[in-house]
Each structure stands twice: as structure tokens, then as C-alpha cells.
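Okay, so here's the structure we're looking at.
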Amino acid sequence: MADNDQQRDTKTADNSSGSPGLLDRFFEITSRGSSVKQEIRGGIVAFFAMAYIVVLNPLILGGSQDVAGGALDFAQLTAVTGLVAGVITILFGVVAKLPFALAAGLGMNSFLAVSVVQEVTWAEAMGLVVINGVIIVVLGATGIRTAIFNAVPHALKVAITVGIGLFIAFIGFVNSGFVTRTPAGPPVQLGQDGSIASLPTLVFVFALILIGILVARQVPGGILIGIIVATIVAMVIQAFAKLGTVGDPVNPDPVGWNLAAPEIPSQVVALPDFSLIGAFDLFGSFERIGVLAATMLVFTLVFTNFFDAMGTMTGLARSAGLQTKDGMFPRIRGAFIVEGIGAVAGGGASASSNTVFVDAAAGIAEGARTGLAACITGVLFLVSMFFAPLIGVIPMEAGAAALVVVGAMMVTQIREIDMSDFRTSLPVFLTMVTMPLTYSIANGIGVGFISWALIHAMSKRGRDVHWLLWVVSAGFVLYFVRGPISAMLGG
């Protein structure tokens, strides 16, 4: 009788748990050492770290006219940026069940705005992005992308993680104004003329110290708390200082905010305009500039998309403790396929290719371990379509501090690399430093692959190099000299 009562009590407890139990089993929350609260917090932090893309992507894409003099509307870009990022991130969370978030890739949108639309229209450029995405999906679905991933030596996979850590820290320093270009001499300098001379940069320093202390003291939500507090401080400073922005096309303020001034917006809610969805021309670029030239552009897009995402996923999986000893992580094929779909959707909506964002490491640092965190981030991106003016209040300087802290966390992975063999240490070193110095994850991976293959082959260890690594290295050689090749084709 007692046993029956116990069984009845157990069933009642299971039923009372309801959807949280289903949620836990579906996303494997408990088995990955997490909790629903932890996933929600991590998803929110990831969104706050990435929220700037809702404002920055429209600025980049909307700031360039195409070859025909056409331009993309800022409000429409804001809507599709949030829409595609939200839908694809939720899809990624459900399918791949990983705590990664996707949004319009900065490398890709800058390449489109600076280079591609000088030769084709915006609609034709987005058609190339769609083609790029289809190729990425095929490579993921057929297992080719996974095979290439498996061919990468463990030391290089770790080096990619460390390189990404250095890269996002460097991004944080640049976005905050802590590191700037010099008019002459060294390529970079501290602040303005070698000193910290702006209030926004001081906000970054304050946020960096605050987040660092909170993380060191293991305060739950430390990164999120730091971003919110820094935003409030920035708003108070702006209320008195009335600073402008560095990139203001009319009156640039050299000691102003990087992206937008943290002021209470006059409008909090705005209805999204989805007119850009479907506004792409799939094959128009091939007619305008020729098959060879258009193919070269697609090649560049695929290589950038493919290896940026692969490197970012590697780094994020390691940060989340989800990588196995052979460098794999759960549902890798599904992750690769959905990431490719992000490129297709981004091109189809004129939001540019959506890819895994390294900034999602902030959410992982906050405890995110499953796809539930990605779903939370995705939902917030969808909400951001209606609250774009409010999202713009968060200064980039606050998010930049979080990136530096997360970068420091990722760099600690270097302890797993045996640097005693120079055949390993040189390619590893080149991988790590090339990423921040060239502002590209793909460049770092390419330099690492090529140097690894050549050094091992020339030191009688060629058998240790997987044949796929040779194939990819040859592809990277073409990628690195694509400029002269494109010039010859154009000529």
C-alpha cells in the first residue's frame, strides 16, 4: 500500500513539473549541468552583447550606394536584421540545441557594402549571398563540412579558440575607443594620441573593471549586471556632457560615442517594415559582370562564411565545455546546416548572411549550455524589431567591456596546447595572432592550415597531415590571392 502511495506521489510530482520537465529533457539542460534560470540568464546576456547589430547592420548596409545608385532603407534593414536573427537563432537552438546565437555577420556585410555593390546592385549582391548559403547548406548536409572539421588537428582547434578570444578582445578595445588608428606611424595606439581622452572610453574602463570584479567574485548575472550598470552610468554622463558620435556623417565627435549616444529615445516602439523580404536577384550578377567574376565573388563569400562559422563554433563549443576529446561537439551536422540556412535567409531578406556570432560567448560565460539560451536570444531579437529605438540606448562601450572579459576567458584554453614542438607552435601562434591583426577569423584559420601543412611536409612529417587539410589549404591560397585573380578576370 505504501509503495502504491509512493508511486502515486511520484506521478503527481512529474505531472506538476509539466513543461519544465519536457523542456529539460528536450534541451538536455540538467545533463549539461545547467538550469532553466541559468539558460534564460545566458540567453539574455548573449542578446545584450549582440544587440548592437540591430543598429550597426543597417548603418553598414544602408550607408553604401550600389553600382546603379540604389540604397537600402535603414528602417527596413532594422526590421529584417531582427527578424532573420531571431528566427534563425531559435531554429538553431531547437535543431542544434547549442547555446550559440546568429545574426548578420559583420565581415560579410562590410564586404558587401564596400566591395560587392561597387560591381552589382544590392538585389544582385543579396542573390550571391543566397547562392553562398545554398552551397553552405549542401556542404553541411553531405557531411563534407564535418569531414573538414575532423581533419583539423587538435592543436589548431584550440588555437582557433584562443585566436577568437584575442580577436573579440581586440574588437572590444577598438569599439570602445581604447585602441584607435594613428594618422601615421604605428597602426594602432592607446585612445586619442596615446592617452584616454574621452568619457565613453572611461565608461568602457569602468564597465570592464566592474564586470571583471563581478565575474571574479562569481556573482550570478555578473556580465549582464555590468552592462546594465554601465548603460545607466553612460546615460547620466550623456545627460550632462551632450556628446556626439564618432561616426556622425555631419558633425563627427572624435571624443564621442562609438555608435549611438545613450539617450532616452523619443520613440520607444516602432512597427517593423518587412518590404525587403524577397528583394533579391539570384542570377542578375552573372549577367552584369560575367560568370567568372561572379563566381569569384561567390567563392570569397563561401570561404569567409564557411571558416568564420566553423572557427566560431569551435571556440564557443570549447568555452561551453561541450567539445569532446576529438574536438567534436553535439549535433555538429545540424549546426552546420542551420548556419547555412541563416545565410540563405539573410540574403533572401537583404539582411546579409546570418552566421554564428562570437559575441554569444558572453552568454556562455554567464552559464548558457543549451539551445534554450539560443531560443531566449532569438525571441529577444524578434522583440527588438519593435523596440529598436530602445535597444539603441545601450552604448557599444558597455558591450565592448563584456567582449574583453570573455576574450580573457577564452585565451585560457592555450594551456591545452603542447608548444614544445615548433612544428606545432608556429602554426598555432600564426593562427592566434592573424585573427586580431587582420580582423578576420577566416584569415587566421587559413594561415594556420597552410603553415601547418607546409611545415609538417618539409620536416618529413607530411603523413601526419590529413589530405583534406591539403585541399582546404590550396583553397585558402586561392582565397588569399583572390584580389589579383579578380583583377585579371576583370581585365
Side-chain angles (χ1 to χ4, degrees), residues 37-56 82 85 89 99 101 103 106 165 168-178 198-239 245 257-265 268 316 319 357-368 373-374 376-381 383-384 387-410:
K37 289 183 179 179
Q38 193 168 306
E39 294 301 306
I40 293 174
R41 190 170 66 239
I44 294 173
V45 168
F47 172 75
F48 271 87
M50 296 172 60
Y52 66 87
I53 195 64
V54 178
V55 178
L56 185 56
T89 298
L106 290 176
I168 65 174
F170 189 52
I171 290 174
F173 284 130
V174 172
N175 288 350
S176 66
F178 191 83
S198 72
L199 290 174
T201 303
L202 287 178
V203 170
F204 160 77
V205 174
F206 165 75
L208 177 61
I209 295 173
L210 176 61
I211 294 173
I213 292 172
L214 294 173
V215 171
R217 293 177 64 89
Q218 299 182 341
V219 175
I223 295 177
L224 178 58
I225 293 172
I227 292 175
I228 293 174
V229 172
T231 299
I232 294 173
V233 170
M235 293 176 69
V236 172
I237 290 175
Q238 179 61 16
T245 58
W257 305 95
N258 187 302
L259 182 59
E263 299 173 322
I264 298 176
V268 175
L316 293 179
S319 294
F357 248 58
V358 70
D359 307 61
I364 292 173
E366 198 57 54
I376 298 298
T377 304
V379 168
L380 291 176
F381 266 121
V383 173
S384 75
F387 294 93
L390 187 61
I391 299 300
V393 172
I394 304 171
M396 184 175 283
E397 288 76 7
L403 292 185
V404 174
V405 171
V406 173
M409 294 176 179
M410 297 179 72

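We count residues from 1, following the sequence as given. Just so it is clear, the structure is predicted and the values come from calculations on it, not from any experiment.
Put simply, the side chain of N258 gets close to the backbone of N175: a donor and an acceptor are under 3.5 Å apart. Judged by distance alone, with hydrogens and angles left aside, the side-chain atoms of E366 form no donor-acceptor pair with the main-chain N or O of V45 at under 3.5 Å. No donor-acceptor distance shorter than 3.5 angstrom exists from the side chain of S176 to the backbone of E397, with no hydrogens or angles considered.
Considering every non-hydrogen atom in both A169 and V404, the closest pair reads O-CG2, 3.6 Å. Here the closest non-hydrogen pair linking A360 and A101 is CB-N, 3.7 Å. The two atoms that bring W257 and A234 nearest to each other are CH2-CB, 3.6 Å, heavy atoms only. A pairwise comparison of heavy atoms in A103 and I53 identifies CB-CG2, 4.0 Å as the closest pair. When all heavy atoms are compared, the tightest approach of A398 to T231 is CB-OG1, 4.1 Å. Residue A373 comes nearest to A368 through the heavy atom pair CB-CB, 3.5 Å, listed as atom of the first residue, atom of the second, then distance.
Residues meeting the side-chain contact (heavy atoms from CB on, under 4.5 Å) test with I213, sequence neighbours left out: I209, R217. In this structure M409 satisfies the side-chain contact (heavy atoms from CB on, under 4.5 Å) test together with V215, A365, V405, sequence neighbours excluded. Partners of F381 by ring pair (Phe, Tyr, Trp, His ring centres under 6.0 Å), not counting sequence neighbours, listed by chain and number: F47. Scanning for side-chain contact (heavy atoms from CB on, under 4.5 Å) contacts around V229 gives F206, L210, I225, V233, with sequence neighbours left out. Residues satisfying the ring pair (Phe, Tyr, Trp, His ring centres under 6.0 Å) criterion with F170, sequence neighbours excluded, are Y439. Partners of L199 under the side-chain contact (heavy atoms from CB on, under 4.5 Å) rule, at least two apart in sequence or in another chain, are L202, I237, A241, L243. For T201, the side chain to side chain donor-acceptor pair (under 3.5 Å) partners at least two apart in sequence or on another chain are S198. Annotation: side chain to side chain donor-acceptor pair (under 3.5 Å) contacts of E39 (sequence neighbours excluded): S34, T370.
In the displayed structure, I264 atom CD1 is contacted under 6.0 Å by at most 12 heavy atoms of other residues, nucleotides or ligands.
One distance of note links CZ of F48 with CG of L380; it measures 7.5 Å at 0.5 Å rounding. Interatomic distance, I44 CD1 to I227 CD1, rounded to the nearest 0.5 Å: 11.5 Å. How far CZ of F178 is from CG of L208: 8.0 Å, rounded to the nearest 0.5 Å.
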